[in-house]
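Before any comments, here is the structure.
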Amino acid sequence: MSLILAIDQGTTSTRAIAFESGAKTASGEAGDLRPAAVSQIELAQHFPRSGWVEHDAGEIWTATLQTCREVVRKAGGVARFAAIGITNQRETAVIWDATTGEPLHRAIVWQDRRTADVTARLTAEGHEPKVQAATGLILDPYFSATKFAWLLDAVPGGRERAARGEVKLGTIDAWLIWKLTGGRVHATDATNASRTALMDLETVAWREDLCALFDVPRMALPAIVPCAGVIGESDAALFGRPLPIAGSAGDQQAALVGHGALKPGDAKITYGTGAFLVANVGDRPVASTRRLLGTLGYQAPGRTAYALEGSIFSAGSAIQWLRDGVGMISQSRQSEAMAQDLTDNGGVYLVPGFTGLGAPWWEPEARGTIIGLTRDSGPAHFVRAALEALAYQTRDLLDALAEDGAPPLKTLNVDGGVTANSFAMQFVADICQVEVERPAFQEMTALGAARLAALGVGVVSDLEARPAEAPARWSPRMDKAERERLLSGWRRAVKAAIIAAPNRA
């Protein structure tokens with residue numbers, strides 16, 4: 001009984017993966033956890049208005065249950081499993097009925113910008129320094145607090161029912177924990193709580209003054225628990241017997257653990273729908289002067305690690321837009337060959353501000369912008385510009401990290417679907433002047449959740465990574481003059497996107 005059931009609930013799909021003890025490493029040590037079975041279901045996206053993004057929380061739960069049951073069956077039955085670990089899309093806000101367990105509104109997704117007017121008002125009133133000092137976060141609709149308040153106002157009688165304890169609020173991890181435990185446990189792990197703008201980073205506790213500022217009732221929020229350790233047990237009827245839920249972390253923090261980036265100076269970036277740089281800064285929070293986010297890296301027994309994070313809102317979603325939105329490609333994997341067919345970008349830059357710009361710009365009203373088009377520009381230029389934008393945005397984050405006093409990175413650990421594109425990864429190495437390393441096993445978020453759960457029930461004694469297979473690597477090879485020329489063009493493009501933002505004075 002040593003398998004770990006990892007739930008990876010993401011922005012575009014829900015997956016379950018069974019992990020077992022891995023093969024030995026080349027040096028003969030016990031290897032890492034390795035996947036034994038997997039199941040995945042795509043997730044519908046809902047866009048009711050411009051800048052609004054929603055998910056059906058009921059659909060998320062149904063897919064979670066279906067994928068978990070499929071993996072348990074494939075792996076030989078529930079008796080082989082020791083624990084459940086959860087990782088999830090962060091900041092996405094859910095509201096549900098405390099009695100029936102049914103969602104009362106579609107979940108508001110992390111990308112959603114509907115509360116931009118609220119955060120703009122709070123910023124104008126001078127509240128951001130207080131919020132940033134307490135939480136490490138800036139005032140932006142990205143975070144959960146204003147989403148929670150919006151949901152309470154949108155649900156008929158929501159605030160009155162919340163005051164009577166009839167309504168629960170939480171991020172996706174809390175929603176899944178509630179459903180898995182049959183409504184017995186209302187809890188969120190510390191990393192997800194750190195993304196709400198309601199948790200104090202120092203004390204790892206909800207702040208009453210921030211709950212009041214954002215108009216979110218404290219009693220509707222879940223209890224905050226560590227990332228590793230038993231949170232509760234799944235309802236026996238779900239899988240045939242109870243399983244301890246022993247690990248939980250937001251997807252980017254789970255990926256930090258998955259990469260084994262456990263020491264100060266270690267960093268990783270995940271290229272998924274968005275892209276997220278997380279740099280371990282040690283056992284004390286670090287305040288950013290460049291509008292990076294202070295956040296909790298992970299919390300395990302006797303160990304708390306903090307991080308600085310930079311968030312790119314549109315990364316892989318730019319490729320999805322080229323495929324699904326404008327039909328320039330029929331499959332995402334075509335993008336690499338199309339980009340390589342060009343000798344250069346032809347002066348074309350794409351700023352993928354489809355849902356605003358994240359760090360270090362934080363321009364929620366910015367929109368996607370293309371500059372440099374000529375009569376010679378074609379679909380390949382759009383594709384190459386979308387891939388190059390990954391590298392330029394990453395460089396912006398690394399520059400901000402350096403300005404905040406972080407040591408320069410020798411290696412940038414990468415994961416996510418876009419890392420299969422060798423052109424994009426080489427361009428990241430060239431533009432960022434850093435060695436790029438991609439592990440042989442790509443599912444870092446699920447692996448991190450599995451490691452935390454394994455630690456939580458004593459299947460493993462630490463979180464150290466011991467990969468059995470060598471990673472892929474890309475080294476910088478672009479000359480300085482070319483790099484600076486390209487970066488100069490990118491900065492002009494970003495300025496254009498910001499100036500053209502609607503409602504900008």
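As the structure is a prediction and not an experimental result, all values here were calculated from the model. Numbers here are sequence positions counted from 1.
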- Message: Quick test of your reading: applying ring-ring contact (aromatic ring centres under 6.0 Å, His included), list the pairs with at least one residue in residues 108-137, sequence neighbours left out, ordered by first then second residue.
- Response: W110-F276

- Can you tell me which residue pairs pass the ring-ring contact (aromatic ring centres under 6.0 Å, His included) test with a partner in residues 300-319, sequence neighbours excluded? Y142-F313, F313-W362

Using the test side-chain contact (heavy atoms from CB on, under 4.5 Å), find all partners of [X] that sit at least two apart in sequence or belong to another chain.
X	result
A193	T188, M199, W206, I224
Q132	I138
A228	A300, P301, L452, L455

- Using a distance-only test with no angle check, is there a side-chain donor-acceptor pair under 3.5 angstrom linking S475 and E435? yes

- Message: Whether K480 and E484 form a salt bridge (side-chain N of Lys/Arg under 4.0 Å from carboxylate O of Asp/Glu) is what I want to check.
- Response: no

- Message: Can you tell whether the side chains of R290 and D404 come within less than 4.0 Å, N to carboxylate O?
- Response: no

- State the CD-OG1 distance between Q253 and T87, to the nearest 0.5 angstrom. 8.5 Å

- If you measure from CG on L412 to CG on L398, what distance do you get to the nearest 0.5 Å? 6.0 Å

Quick one: list whatever passes ring pair (Phe, Tyr, Trp, His ring centres under 6.0 Å) with [X], sequence neighbours left out.
X	value
Y392	Y349, F427, W490
W361	none
F354	W321

- Could you tell me whether a side-chain N or O of T394 sits under 3.5 Å from a main-chain N or O of L390, the two making a donor and an acceptor? yes

Kindly state each residue pair satisfying salt bridge (Lys or Arg N to Asp or Glu O under 4.0 Å) with at least one member in [range], sequence neighbours excluded.
range	answer
residues 303-317	R90-E309, R195-E309
residues 121-145	R113-D140, R121-E125, E128-R291, K130-D209
residues 470-479	E437-R473
residues 141-151	none

- salt bridge (charged side-chain N to carboxylate O under 4.0 Å, His left out) between R451 and E464, intermediate numbers included: CA-CA 9 Å; R451 280 207 193 114; E464 298 299 326; over 6 Å; no

- Message: Less than 4.5 Å apart, side chain to side chain, heavy atoms only: is that true for L198 and F148?
- Response: yes

